[in-house]
Amino acid sequence: MSEKTSSDTWRDRFLCFALFYATFSKDPSTKVGCVITDSLNRPIGFGTNGFARTYQHDEATFGDRVEKYKRVLHAEENAIYNATKEVRGGTAYISHPPCLHCSHVLAQNGISKVVSIKPTGEFADRWCIKETTFELDALGVEFEVVERPSSDSIVKALDQWQKTVIG
């Protein structure tokens, strides 16, 4: 009989997936990933920050912050758009805390919990975690900020994935 997986292990694994998915972003300055799970911990949506599928990719637009922000879709939005089923009641695992707009998008779509990695470095300098915390609380969405999963957690998650998927 297999051992029951702890909620912290699930959390760390889905945050690892969000970090991995962030690497798909073509944005050279900020890469964000989001994984949405249903109430049974099944991943149902993945997203990264970037332009719409039909947008003619232009490196210069990524370099112009003002123009980029007019066009970019955030990871949370893309995870909802890419979801394979209704996200209501789900949890969003995000590599960065959500902006206020995405906090509202997640709440509007019925996400009941958001888990993000605590910002560090340059991102922490320009981010107000208290503002996100206040906004999500006002929207009735549970919010948990955690330290970045250890590299050991990432390796364990990948090993488990390999055993499950590849055999």
Side-chain angles (χ1 to χ4, degrees), residues 4-53 62 65-66 68-151 153-154 157:
K4 183 172 171 43
T5 305
S6 76
S7 60
D8 287 352
T9 301
W10 281 114
R11 180 198 66 213
D12 287 354
R13 286 180 180 172
F14 288 125
L15 287 172
C16 289
F17 286 142
L19 287 166
F20 173 70
Y21 217 78
T23 67
F24 287 73
S25 173
K26 295 177 184 174
D27 187 331
S29 65
T30 304
K31 296 181 181 301
V32 180
C34 178
V35 176
I36 297 176
T37 63
D38 67 11
S39 61
L40 298 175
N41 284 327
R42 296 177 295 198
I44 57 172
F46 295 88
T48 188
N49 58 312
F51 299 128
R53 286 184 188 98
F62 272 125
R65 218 174 180 93
V66 172
K68 175 178 72 172
Y69 285 150
K70 290 179 187 177
R71 294 170 175 81
V72 76
L73 294 167
H74 290 196
E76 301 90 336
E77 294 169 311
N78 276 322
I80 291 168
Y81 297 145
N82 294 329
T84 57
K85 68 181 225 180
E86 172 70 35
V87 300
R88 186 164 305 285
T91 299
Y93 296 89
I94 313 168
S95 61
H96 294 71
C99 68
L100 298 185
H101 173 78
C102 286
S103 296
H104 283 260
V105 168
L106 292 165
Q108 184 71 9
N109 281 277
I111 294 294
S112 60
K113 183 175 182 177
V114 172
V115 180
S116 78
I117 297 172
K118 182 179 177 182
T120 59
E122 181 267 335
F123 192 82
D125 291 341
R126 62 184 167 98
W127 200 260
C128 180
I129 194 74
K130 287 181 182 177
E131 192 174 50
T132 299
T133 301
F134 178 81
E135 199 75 12
L136 286 168
D137 183 56
L139 293 165
V141 177
E142 184 181 346
F143 184 43
E144 181 180 4
V145 180
V146 298
E147 296 295 327
R148 182 184 179 97
S150 68
S151 56
S153 295
I154 295 169

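Side chains are part of it too, since the values below use all heavy atoms of this structure and drop only hydrogens, waters and symmetry mates.
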- Message: For the backbone of Gly89 and the side chain of Ser112, can you confirm whether one donor and one acceptor N or O come within less than 3.5 Å of each other?
- Response: yes
- Message: With a 6.0 Å cut-off (strictly less than), is the heavy-atom count around CD of Glu131, excluding the residue itself, greater than 12?
- Response: no
- Check Val32 against Thr30 and note the closest heavy-atom contact, atom names and distance. CG2-CG2, 3.8 Å
- Message: Could you check whether Glu77 and His101, counting side-chain N and O atoms only, form a donor-acceptor pair closer than 3.5 Å?
- Response: yes
- For atom CZ of Arg126, is the number of surrounding heavy atoms from other residues, nucleotides or ligands below 6.0 Å larger than 12? yes
- What one should report as the nearest heavy-atom pair of Pro149 and Asp12 is CG-O, 3.9 Å
- Message: Please check: side-chain N/O of Lys31 versus main-chain N/O of Asp27, any donor-acceptor pairing under 3.5 Å?
- Response: yes
- Got a sec, which residues hit side chain to side chain donor-acceptor pair (under 3.5 Å) with Asp8, two or more places apart in sequence or on another chain? Arg11
- Applying ring pair (Phe, Tyr, Trp, His ring centres under 6.0 Å) to Phe62 and not counting sequence neighbours gives Phe51, His57
- Message: Quick one: does any side-chain atom of Asn109 pair with a main-chain N or O of Ile111 as donor and acceptor, under 3.5 Å?
- Response: no
- Task: For the pair Phe14 and Val115, evaluate side chain to side chain contact (heavy atoms under 4.5 Å, CB included) and give the outcome as yes or no after the intermediate values.
- Result: CA-CA 9 Å; Phe14 288 125; Val115 180; over 6 Å; no
- Query: For Cys34 and Ala79, which heavy atoms make the closest approach, and how far apart are they?
  - Reply: SG-CB, 3.8 Å
- Query: With no hydrogens and no angle check, is any side-chain donor or acceptor of Thr91 less than 3.5 Å from a backbone partner on Val114?
  - Reply: no
- Any side-chain heavy atom of Trp127 within less than 4.5 Å of one from Pro97? yes
- Note on the structure: Correct closest heavy-atom pair for Thr48 and Ser25 would be OG1-CB, 3.2 Å
- Message: Show the nearest heavy-atom pair for residues Glu147 and Lys118, with the distance to one decimal.
- Response: OE2-CD, 3.4 Å
- Task: Determine, stepwise, if the pair Ser103 / Thr132 fulfils side chain to side chain contact (heavy atoms under 4.5 Å, CB included).
- Result: CA-CA 7 Å; Ser103 296; Thr132 299; 4.2 Å; yes
- Query: Given Val146 and Tyr93, is the side chain to side chain contact (heavy atoms under 4.5 Å, CB included) satisfied, shown in steps?
  - Reply: CA-CA 11 Å; Val146 298; Tyr93 296 89; over 6 Å; no
- Task: Output all residues satisfying ring pair (Phe, Tyr, Trp, His ring centres under 6.0 Å) with Phe24, sequence neighbours left out; order by chain, then residue number.
- Result: Phe20, Tyr21
